[in-house]
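Residue indices begin at 1 and follow the sequence shown. Everything numeric here is computed off the predicted structure, so don't read it as measured data.
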Amino acid sequence: VAPGHRLAPAAATAYQQMVAAAAAEGVTWSITDSYRDLATQERVAREKGLYERGGLGARPGTSRHGEGDALDLRGPHVEGSPAHRWLVANAARFGFRTIPREPWHWEYDPSAAPTRTASR
């Protein structure tokens with residue numbers, strides 16, 4: 001994925017494909033956060049407050065970061081930036097989606113990808 005960052009195998013594969021597709025169009029970004037262990041999730045919740053109470057931290061043990069299916073990106077969080085426009089238009093093809101209030105946060109959810117039909 002990137003030095004110092006980890007994702008679950010399926011998320012990592014999809015992310016690498018997405019990065020390659022973006023790079024082919026001259027669009028790049030960097031990762032600021034990926035997998036978080038429970039202790040780190042607890043620290044983030046303390047420091048940033050719980051999402052359900054207006055903060056930016058998931059309840060520890062429920063974060064998609066803890067499953068290895070989420071990452072925070074530097075660059076795409078600026079609305080209108082090339083990276084943001086590219087991800088909004090293309091991330092779902094790779095099974096990624098963002099969440100309200102966190103345009104830097106992208107989660108792998110294969111059900112978000114368009115259904116592909118088998119050719120005969």
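No donor-acceptor distance shorter than 3.5 angstrom exists from the side chain of Thr28 to the backbone of Ala23, with no hydrogens or angles considered. Checking side-chain atoms of Glu107 against main-chain N and O of Ala70 turns up no donor-acceptor pair under 3.5 Å. A side-chain donor-acceptor contact under 3.5 Å links Thr32 to the backbone of Asp72. Of the possible polar contacts, none joining the Thr62 side chain to the Ala58 backbone as a donor-acceptor pair under 3.5 Å is found.
With values rounded to the nearest 0.5 angstrom, Arg93 atom CZ is found 10.5 Å from Gln17 atom CD. Considering CG of Asp69 and OG of Ser63, their distance stands at 10.0 Å, rounded to 0.5 Å.
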Does the pair Leu71 and Leu7 meet the rule for a side chain to side chain contact (heavy atoms under 4.5 Å, CB included), with working shown? CA-CA 8 Å; Leu71 20 69; Leu7 288 175; 3.6 Å; yes
Would Asp37 and Gln41 count as a side chain to side chain contact (heavy atoms under 4.5 Å, CB included) here? Give the steps. CA-CA 6 Å; Asp37 62 23; Gln41 291 177 49; over 6 Å; no
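Taking hydrophobic clusters as Ile, Leu, Val, Met, Phe, Trp and Tyr residues chained together by side-chain heavy-atom distances below 4.5 Å, Tyr35 does not share a cluster with Val19.
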Output a table of donor-acceptor pairs, distance under 3.5 Å, between side-chain atoms of residues 47-56 and any protein atom two or more places apart or on a different chain; print 'none' if there are none.
| from | atom 1 | to | atom 2 | distance (Å) |
| --- | --- | --- | --- | --- |
| Glu47 | OE1 | Arg43 | NH1 | 3.0 |
| Tyr51 | OH | Pro100 | O | 2.2 |
| Glu52 | OE2 | Arg59 | NH2 | 2.1 |

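Leu73 places a side-chain heavy atom less than 4.5 Å from the side chain of Tyr15. For the pair Leu38/Pro60, a side-chain contact is recorded, criterion being any heavy-atom separation below 4.5 Å from C-beta on.
By the 30° and 60° cut-offs, the orientation of the rings of Tyr108 relative to Phe96 is tilted.
Partners of Ala2 by side-chain contact (heavy atoms from CB on, under 4.5 Å), not counting sequence neighbours, listed by chain and number: His5, Ile31. For Thr98, the side-chain contact (heavy atoms from CB on, under 4.5 Å) partners at least two apart in sequence or on another chain are Trp106.
Minimum interatomic distance between Ala83 and Trp29 (heavy atoms only, all atoms of both residues): CB-CE3, 4.0 Å.
When only modelled atom types and interatomic distance are considered, Glu67 and His65 share no side-chain donor-acceptor pair under 3.5 Å.
Partner of Arg97 under the side-chain contact (heavy atoms from CB on, under 4.5 Å) criterion, out of Asp109, Leu87, Val88: Asp109 alone.
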